[in-house]
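Basis for what follows: all heavy atoms, side chains included, without hydrogens, waters or symmetry-related copies.
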Amino acid sequence: MVKLRLMRMGKKKQPTYRVVAADQRSPRDGRFIEIVGHYDPRREPSTIVIDNDKAVAWLRKGAQPTETVRKLLEISGAWDEFKGAKAS
């Protein structure tokens, strides 16, 4: 099964994250299928850049987001776009 999850990047004690589509069996920072966006929690305010088209496409294919990624998708608007299209 494919999951939308965070992949840790950056230096020690200075994390940034990529939002990736990856097989759930692969390690956190291991192999991934596609980069969907990135997230930098250390900025003020934190930076969230997500390609909504890619995210919605993966959600429609059945990818399951982690709790954190789901919150990021809600902030970016991709989650509402997915839910709105699903209801129609």
S.K.: When hydrophobic residues are tied together by side-chain contacts of less than 4.5 Å, even through go-betweens, does M9 share a cluster with I48?
M.R.: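 Each belongs to a different hydrophobic cluster.
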S.K.: Considering all heavy atoms of both residues, which atom of T16 and which atom of G10 are nearest to each other, and what is their separation?
M.R.: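 It is OG1-N, 3.9 Å.
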S.K.: Applying the 4.5 Å side-chain criterion to the ILVMFWY set and letting contacts propagate, would L73 and I75 be lumped into a single cluster?
M.R.: yes
S.K.: Can you find a pair of side-chain heavy atoms, one from L6 and one from V19, that are under 4.5 Å apart?
M.R.: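 A side-chain contact under 4.5 Å exists here.
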S.K.: Who passes side-chain hydrogen bond (donor to acceptor under 3.5 Å, both in side chains) against S76, sequence neighbours left out?
M.R.: N52
S.K.: Indicate if L72 and I33 have the same hydrophobic cluster label, given that clusters are the connected sets of ILVMFWY residues with side-chain heavy-atom separations under 4.5 angstrom.
M.R.: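 Both belong to a single hydrophobic cluster.
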S.K.: With rounding to the nearest 0.5 angstrom, report the NZ to CG distance, K54 to L4.
M.R.: 12.0 Å
S.K.: Going by the rule side-chain hydrogen bond (donor to acceptor under 3.5 Å, both in side chains), which residues pair with W58 if we only count those two or more places apart in sequence or in a different chain?
M.R.: E34
S.K.: Please list all pairs meeting salt bridge (Lys or Arg N to Asp or Glu O under 4.0 Å) that have one or both residues in residues 62-74, counting only residues at least two apart or in different chains.
M.R.: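 Those involving residues 62-74 are R70-E74.
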S.K.: Hey, quick one: are V69 and V2 part of the same hydrophobic cluster, counting side-chain heavy atoms closer than 4.5 Å, chains of contacts allowed?
M.R.: yes
S.K.: Restricting to side chain to side chain contact (heavy atoms under 4.5 Å, CB included), what partner residues turn up for T47, sequence neighbours left out?
M.R.: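 For T47, the residues satisfying side chain to side chain contact (heavy atoms under 4.5 Å, CB included) (neighbours in sequence not counted) are D40, R43, V49.
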S.K.: For a quick test of reading the model, state the closest non-hydrogen atom pair linking S46 to P41 and the distance between them.
M.R.: CB-CA, 3.8 Å
S.K.: When hydrophobic residues are tied together by side-chain contacts of less than 4.5 Å, even through go-betweens, does F82 share a cluster with I50?
M.R.: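 Yes; I50 is reachable from F82 via cluster members.
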S.K.: With Q14, which residues qualify under side chain to side chain contact (heavy atoms under 4.5 Å, CB included), at least two apart?
M.R.: K11, R42
S.K.: Donor-acceptor pairs under 3.5 Å, side chain of residues 22-32 to any protein atom, not counting sequence neighbours: which ones?
M.R.:
| from | atom 1 | to | atom 2 | distance (Å) |
| --- | --- | --- | --- | --- |
| D23 | OD1 | R25 | N | 2.8 |
| D23 | OD1 | R25 | NE | 3.1 |
| D23 | OD2 | R25 | NH2 | 3.0 |
| S26 | OG | R5 | NH2 | 2.9 |
| S26 | OG | D23 | O | 2.8 |
| S26 | OG | R31 | O | 3.2 |
| D29 | OD1 | R8 | N | 3.0 |

